[in-house]
Amino acid sequence: MSEPQQVSALPLPPTQYCKEYTDENVRKCLAPKPPPPIRDSYMMFGNQFQCDELIIRPLEGQGIERLHPMQFDHKKELKKLNMSILVNFLDLLDILIKSPGSIKREEKLEDLKLLFVHMHHLINEYRPHQARETLRVMMEVQKRQCLETAERFQKHLDRVVEMIQTSLSSLPDDLASTGDAPVRVKAEPMEVEEGNCGQAEREKEVSLGKKEQVNDKDAAMCAIIDDMT
């Protein structure tokens, strides 16, 4: 006989789904389609749930007796439940010492179970408030980080602007005339046999003149930087 196959109540690991959505499967339309939306009821962990149910179902909807009124203070009721659990636990210990086989032991266990269910229910009613507070704290942290980043960026920007303004104010007024000064190039006549060679030589002299002019501008900028430092 073959061993019985175990079925897990949990879904498959994500890797089992990722293997089905390869590029080739998507291109050939072989990837599994998403499940249709649930409209009426669904099963989860062996229990059936309705789609229109509240996130936190009331005690009456779960078939549990309510021990506190409809309008109450959560903090006070939680303190009362905590005290009741301690008193009932001491009563249970007294019953176990005097008569362990008494039927009152089962009654105390049921009372403790009911008290714990109520405490768990009241704690769950704080979950929406906890979610809102968690979201508020996260948004405050993100806001503070954005403001700090913007402040640091503004400080760096101010420093860069200040450095540029200082550099511009230290430039001499005659920089334009110094940089655009004409450059004289001495050309000696040469005997050339062919016209093409003479033209090539003249082009070479013009390029040398431009190069010398650029070198003069570089020298002027180097002198300005030396004066600043």
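Bear in mind that the values here come from a model prediction, so they are computed numbers and not experimental data.
- The two residues Ser169 and Thr166 have their closest heavy-atom pair at OG-O, 2.8 Å.
- Asp111 is linked by a side-chain hydrogen bond (donor to acceptor under 3.5 Å, both in side chains) to nothing, counting only residues two or more places apart in sequence or in another chain.
- Clustering of Ile, Leu, Val, Met, Phe, Trp and Tyr by side-chain heavy atoms under 4.5 Å joins Ile85 with Leu59, Ile64, Leu67, Phe72, Leu78, Leu81, Leu92, Leu96, Leu109, Leu112, Leu114, Leu115, Phe116, Val117, Met119, Leu122, Ile123, Tyr126.
- For the atom pair NZ (Lys28) and CG (Asp23), the distance works out to 12.0 Å, reported to the nearest 0.5 Å.
- Residues that satisfy the salt bridge (Lys or Arg N to Asp or Glu O under 4.0 Å) test with Glu77, not counting sequence neighbours, are Lys80.
- Under the rule for a side-chain hydrogen bond (donor to acceptor under 3.5 Å, both in side chains), the partners of Asp158 that lie at least two apart in sequence or sit in another chain are Gln154.
- Tracing side-chain contacts under 4.5 Å through hydrophobic residues (I, L, V, M, F, W, Y), one reaches Val160 starting from Leu168; they form part of the same cluster.
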Can you check side-chain contact (heavy atoms from CB on, under 4.5 Å) on Lys108 and Arg105, steps first, answer last?
CA-CA 5 Å; Lys108 283 298 175 182; Arg105 184 188 65 175; 5.9 Å; no
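- Leu30 forms part of no hydrophobic cluster, judged by ILVMFWY side-chain heavy-atom separations under 4.5 Å.
- Legend: residues meeting ring-ring contact (aromatic ring centres under 6.0 Å, His included) with His121, ordered by chain and number and at least two apart, are absent.
- Taking Lys79 as the reference, Lys75 meet the side chain to side chain contact (heavy atoms under 4.5 Å, CB included) condition, with sequence neighbours excluded.
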What pairs of donor and acceptor atoms, side-chain ones from residues 136-143 against any protein atom, are under 3.5 angstrom apart with sequence neighbours left out?
residue : atom : partner : partner atom : Å
Arg136  : NE   : Glu133  : OE1          : 3.1
Arg136  : NH1  : Glu140  : OE2          : 2.8
Arg136  : NH2  : Glu133  : OE1          : 2.6

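- For the pair Arg39/Pro37, a side-chain contact is recorded, criterion being any heavy-atom separation below 4.5 Å from C-beta on.
- Enclosure of atom CD in Gln48 by more than 12 non-hydrogen atoms of other residues, nucleotides or ligands within 6.0 angstrom is indicated.
- A donor-acceptor pair is defined here as one N or O able to donate and one able to accept, closer than 3.5 Å; no such pair exists between the side chain of Ser102 and the backbone of Ser99.
- One distance of note links CG of Asp94 with NZ of Lys104; it measures 9.5 Å at 0.5 Å rounding.
- Leu147 belongs to no multi-residue hydrophobic cluster, having no ILVMFWY side-chain contact under 4.5 Å with any other such residue.
- Here the straight-line distance linking atom CG of Asn88 with atom CD of Glu107 works out to 11.5 Å at 0.5 Å rounding.
- Of the inter-residue distances, the one linking Glu151 atom CD with Cys146 atom SG reads 13.0 Å to the nearest 0.5 angstrom.
- With sequence neighbours left out, Lys76 forms a side chain to side chain contact (heavy atoms under 4.5 Å, CB included) with Asp73.
- Within a 6.0 Å sphere centred on NE2 of His74, other residues, nucleotides and ligands contribute more than 12 heavy atoms.
- Residues passing the side chain to side chain contact (heavy atoms under 4.5 Å, CB included) test with Tyr21 are Ala31, Pro32, sequence neighbours excluded.
- Legend: residues meeting side chain to side chain contact (heavy atoms under 4.5 Å, CB included) with Arg152, ordered by chain and number and at least two apart, are Glu148, Thr149.
- Rounding to the nearest 0.5 Å gives a distance of 5.5 Å between CZ of Phe153 and CG of Leu157.
- Of all heavy-atom pairs between Arg66 and Pro69, the closest is NH1-O, 3.8 Å.
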